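Comments concern the structure below.
Remember, it's a predicted structure, so these values are computed and weren't measured experimentally.
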Amino acid sequence: MKRALLVVAALIILTPLFAYAAELVGYSEPLENIASNLGVEENLLYKGLLPDYTVGGLDPYIGTLISAVIGSALVFLLVYGFSHLMRR
Amino acid sequence: MHIPDGFLDLQLSTLTYTLAATAVGLAVYLLGKKGVEETKIPLLGVLAAAIFAAQMLNWPIPGGTSAHFVGSGLAAILLGPLQAILVMSSILAVQTLVFGDGGLTALGANILNMGVVGVVVAYIVYALLARRSRVAAAFLAGWLGAVSAAVACGLEIGSSSIFAYNIWVTVPVMFGWHALLGIVEGFATSATVAFLLKSRPQLLVSEVKAT
């Protein structure tokens with residue numbers, strides 16, 4: 001369990017680095033490329049509370065790190081909660 | 001391969017929401033009947049958090065066309081299909097609602113692709129091949145989990161009026177790219193399984209015996 005938590009911490013710490021590297025190579029996914037080739041545009045109905053893993057007003061890489069912490073914690077709580085309701 | 005808003009028309013959005021809700025509902029029902037082992041719950045949450053964090057690591061592949069870890073295969077192998085569907089759906093809901101990653105109108109489709117199709121395909125592959133070699137089976141499960149989710153995504157957008165029903169473009173392109181990029185997913189999945197086989201074999205044993 002302790003080791004598993006360390007793995008999560010390590011992944012979280014890596015997120016700003018990968019965000020920077022993704023920017024360097026001009027990261028885009030096949031789905032986005034198909035859409036732009038076919039002239040389809042995304043329709044931003046809802047941006048989210050922390051749009052695109054950033055925190056408004058903060059440096060984007062710090063925002064990424066905070067997003068990783070918040071997202072991981074929320075996912076943990078959600079899965080923990082649901083599983084707890086269905087415990088044996 | 002998170003579908004944003006504006007890619008699916010109303011019919012597809014409704015259809016994919018219905019299918020996803022049915023699959024998740026069934027998984028929750030079956031899981032509720034079986035019950036989740038109480039001692040395993042914390043680890044389940046931590047694994048889900050780990051998959052969420054791993055999904056944030058976009059692979060910096062030169063040229064730019066790339067992807068990130070999805071985790072459908074890994075979740076299916078470690079947790080079995082029912083818990084994996086629940087874990088992947090929770091991750092996708094947080095990504096959409098908190099971070100705007102994946103559209104609200106496409107959440108059904110994204111859960112269907114990465115939370116159901118990828119999980120079920122990966123689980124079947126792993127269950128069939130694990131007896132021969134768990135590490136090789138994990139590679140194929142990880143790879144096919146990602147590829148099948150991508151193909152499902154291609155089928156959906158290709159059936160959407162917004163993509164002018166270009167299904168003969170969307171499916172082959174999604175398949176081709178993710179067949180290539182999915183190799184990374186396969187390696188990551190099999191490396192994790194190989195590592196756990198050495199350090200925490202009981203995590204894997206219980207699941208295979210359960211099948």
Side-chain angles (χ1 to χ4, degrees), chain A residues 1 3-5 7-12 14-15 17-35 37-38 40-54 64 67-68 70-88, chain B residues 1-7 28 31-32 34-38 41-50 52-54 56-58 60-67 83 86-87 90-91 93-101 103-105 150 153 157 162-164 166 169-170 173-174 177-178 181:
Chain A
M1 186 68 184
R3 262 207 263 175
L5 279 171
V7 170
V8 179
L11 291 168
I12 289 173
L14 284 173
T15 55
L17 194 68
F18 273 72
Y20 175 69
E23 221 162 275
L24 276 188
V25 299
Y27 178 90
S28 72
E29 294 188 8
L31 177 62
E32 301 167 58
N33 298 340
I34 294 173
N37 286 341
L38 293 175
V40 175
E41 271 182 38
E42 189 178 324
N43 173 20
L44 260 184
L45 287 177
Y46 170 74
K47 285 196 297 190
L49 304 169
L50 304 169
D52 215 11
Y53 305 92
T54 58
T64 303
S67 297
I70 293 176
S72 304
L74 282 176
V75 167
F76 173 85
L77 288 173
L78 203 56
V79 169
Y80 191 100
F82 274 130
S83 309
H84 193 70
L85 290 175
M86 292 185 285
R87 71 189 179 278
R88 206 171 278 162
Chain B
M1 64 178 104
H2 290 57
I3 304 174
D5 284 319
F7 279 21
V28 168
L31 207 54
K34 209 170 86 175
V36 180
E37 216 176 292
E38 203 161 359
I41 292 175
L43 200 61
L44 200 63
V46 174
L47 182 74
F52 169 85
M56 284 186 68
L57 308 179
N58 295 326
I61 292 176
T65 300
S66 188
Q83 286 179 14
L86 189 74
V87 162
S90 305
I91 292 170
V94 168
Q95 287 170 334
T96 300
L97 298 173
V98 182
F99 302 104
D101 190 10
L104 277 181
T105 57
C153 171
I157 58 167
I162 296 160
F163 278 73
N166 266 306
V169 176
T170 59
V173 175
M174 283 303 281
W177 273 107
H178 284 278
L181 294 163

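Of the atoms belonging to B/I3, heavy atoms from both backbone and side chain fall under 4.5 Å from chain A. Proximity to chain A involves both the backbone and the side chain of B/F99, based on heavy atoms less than 4.5 angstrom apart. Within the 4.5 angstrom heavy-atom criterion, atoms from both the backbone and the side chain of B/L44 approach chain A. For B/V98, the parts lying under 4.5 angstrom from a heavy atom of chain A are both the backbone and the side chain. Only the side chain of B/N166 comes within contact range of chain A, with at least one heavy atom under 4.5 Å from a heavy atom of that chain. Within the 4.5 angstrom heavy-atom criterion, only side-chain atoms of A/L38, from C-beta onward, approach chain B. Looking at A/E23, there are no atoms closer than 4.5 Å to chain B (heavy atoms on both sides), in backbone or side chain. Of the atoms belonging to A/P51, it is backbone heavy atoms, and not side-chain ones, that fall under 4.5 Å from chain B. If you measure heavy-atom distances from B/T105 to chain A, the contacts under 4.5 Å come from the side chain alone. Contact annotation for A/T64: both backbone and side-chain heavy atoms come within less than 4.5 Å of a heavy atom of chain B.
Judged by distance alone, the side chains of B/D5 and A/Y46 never bring a donor and an acceptor atom under 3.5 Å apart.
Note: A/Y53 OH to A/T15 OG1 = 10.5 Å, rounded to the nearest 0.5 Å. Taking CZ of B/F7 as the reference point, atom CD of A/E41 lies at 9.0 Å (rounded to 0.5 Å). Atom CE of B/M1 is separated from atom NE2 of B/H178 by 4.5 Å, given to the nearest 0.5 angstrom.
For the set B/A49, B/G32, B/S66, the entry with the most heavy-atom pairs within less than 4.5 Å of chain A is B/S66. Here B/I41 is the residue among B/I91, B/I41, B/L86, B/L181 with the most heavy-atom pairs under 4.5 Å with chain A. Between chain A and the residues B/L47, B/L57, B/V94, the largest count of heavy-atom pairs under 4.5 Å involves B/L57.
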